[in-house]
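All remarks here apply to the structure that follows.
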Amino acid sequence: MTEPMLARANVKVFPKDAVVIDANENPLGPSAAARQAIAEITPQGGRYSLGLTEELIATFAQREGLKPEYVRVFPGSSSPLHYAVLAYTSPQASYVTADPGFEAGMGCAEFTRARVVKVGLTKTYAHDVKGMLAAAPDAGLFYVCTPNNPTGTLTSHSDIEYLLENKPKKSVLLVDEAYIHFSDAPSVVDLVKADKDVILLRTFSKIYGMAGLRCGLAIGRPDLLAGIDQYAGWVAVPVTAVAAASVSLKDPQLVGERKRINTVIREETFQWLERSGYSYIPSQSNCFMVETKRPAKQVIAALAAQNVFIGRIFPALPTHVRITVGTRDEMDRFQAAFRKVMDGTAMGAGQSRTPTRRIGTA
């Protein structure tokens, strides 16, 4: 279960010129240097080229002050998320997550027959770490995504530390930082370096624009990563993805520039929502949620009829819709369509298109 599978369970092929802001993708795609690296490595695509993966590990470890054995590379970050659930949950060890939150781990917990414990967010839409602790004294794995998917809101470093300090002794904390580069928040990599019971997930899908290339990282103590390894086995990551990821990591301007672009467009959209009288959840990510004051399903369908495709329904917030930050043109088109839908003037409101598109993979 991955973001593209969840986002596009019903919408699989998009009409021509559609605005696709449904799966928290980065419309900028890979950087120019990453694209060049892909072109240059492609003739070597007949080789496994494992040395490239070792180079990526070395580059990331050096940047973060880690030993290389604390880092694993995967085709995206969804697979190590699933492996962590398999390794650290069971009928006796619950999976604990936020609600609303990214659903992939909950789906995987079905295979381990673990109890899934969903805990609502706080009034500021952070993870309720005290509530998570109270709800699951039998926890095997706590999952914290910060910024959270779908709300784009942060859980503080101090709250994560509190969770670590007060969790059951044999449990593990899985922190998903897929969207961390869009925010001003500090990473929890320092807790990994301190050898805490934490596994950190990173991906190149979001700010680096490599969702279709598939490259991600799991970072943690070697003994914790060994739990993942027993399910992952030998992992071969596409050489195109590894080459693009290595070049992207070495670009000192890339993250800052893309964060700036996303922030500007997101904040312009928030200003429009405020001027127009629409409520939203303040986000520090590349997605946000808007209150529609009606069933989200109706709004999703009506926008699809306007050739604008937005995120799926999250039952914990049944009248909110999730919007991915697109290009400025895409957000202008979203605003025009959203106003028509909310005003009831959209042609075909209430009708949904039924396109078909190949479902993405992890």
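Any value given below was found using the heavy atoms of this structure, including those in side chains, with hydrogens, waters and symmetry copies removed. Sequential numbering from 1 along the given sequence is applied to the chain's residues.
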For [X], does the [atom1] atom sit with more than 12 other heavy atoms under 6.0 Å from it, leaving out its own atoms?
X	atom1	result
Q62	CD	no
K118	NZ	no
R294	CZ	yes

Salt-bridge criterion met for D138 and R115 (N-O under 4.0 Å): yes
Is R260 salt-bridged to E257, cutoff N-O under 4.0 Å?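 Result for this pair is yes, salt bridge flagged.
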Backbone of [Y] reached by a side-chain donor or acceptor of [X] within 3.5 Å:
X	Y	answer
R214	A211	yes
S171	P168	yes
Q284	T263	no
E64	L66	no

What distance do [X] atom [atom1] and [Y] atom [atom2] have between them, rounded to the nearest 0.5 Å?
X	Y	atom1	atom2	result
F102	F314	CZ	CZ	8.5 Å
T112	Y95	OG1	OH	10.5 Å
S276	Q271	OG	CD	11.5 Å
F204	S77	CZ	OG	10.5 Å
D22	F309	CG	CZ	8.5 Å

Examine [X] together with [Y] and report whether their ring centres are nearer than 6.0 Å.
X	Y	result
H127	F142	no
F270	F288	yes
W234	Y48	yes

Steps toward salt bridge (Lys or Arg N to Asp or Glu O under 4.0 Å) verdict (R312, E103): CA-CA 11 Å; R312 60 190 176 275; E103 310 96 321; 2.8 Å; yes
Let me see the working for Y280 and H320 under ring pair (Phe, Tyr, Trp, His ring centres under 6.0 Å), right down to the final yes or no. CA-CA 8 Å; Y280 63 92; H320 285 71; over 10 Å; no
Do K130 and Y162 form a cation-pi contact, if we require the NZ or CZ to be under 6.0 Å from the six-membered ring centre and within 45 degrees of the ring's axis? yes
With respect to T319, which candidate in E291, K293, Q298 satisfies the side-chain hydrogen bond (donor to acceptor under 3.5 Å, both in side chains) definition?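 Only one of E291, K293, Q298 forms a side-chain hydrogen bond (donor to acceptor under 3.5 Å, both in side chains) with T319, namely E291.
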Salt bridge (Lys or Arg N to Asp or Glu O under 4.0 Å) assessment of E55 paired with K250: CA-CA 12 Å; E55 178 185 340; K250 295 173 184 177; 3.0 Å; yes
Please walk me through it: do K170 and D197 pass salt bridge (Lys or Arg N to Asp or Glu O under 4.0 Å)? CA-CA 9 Å; K170 294 184 179 181; D197 294 333; over 6 Å; no
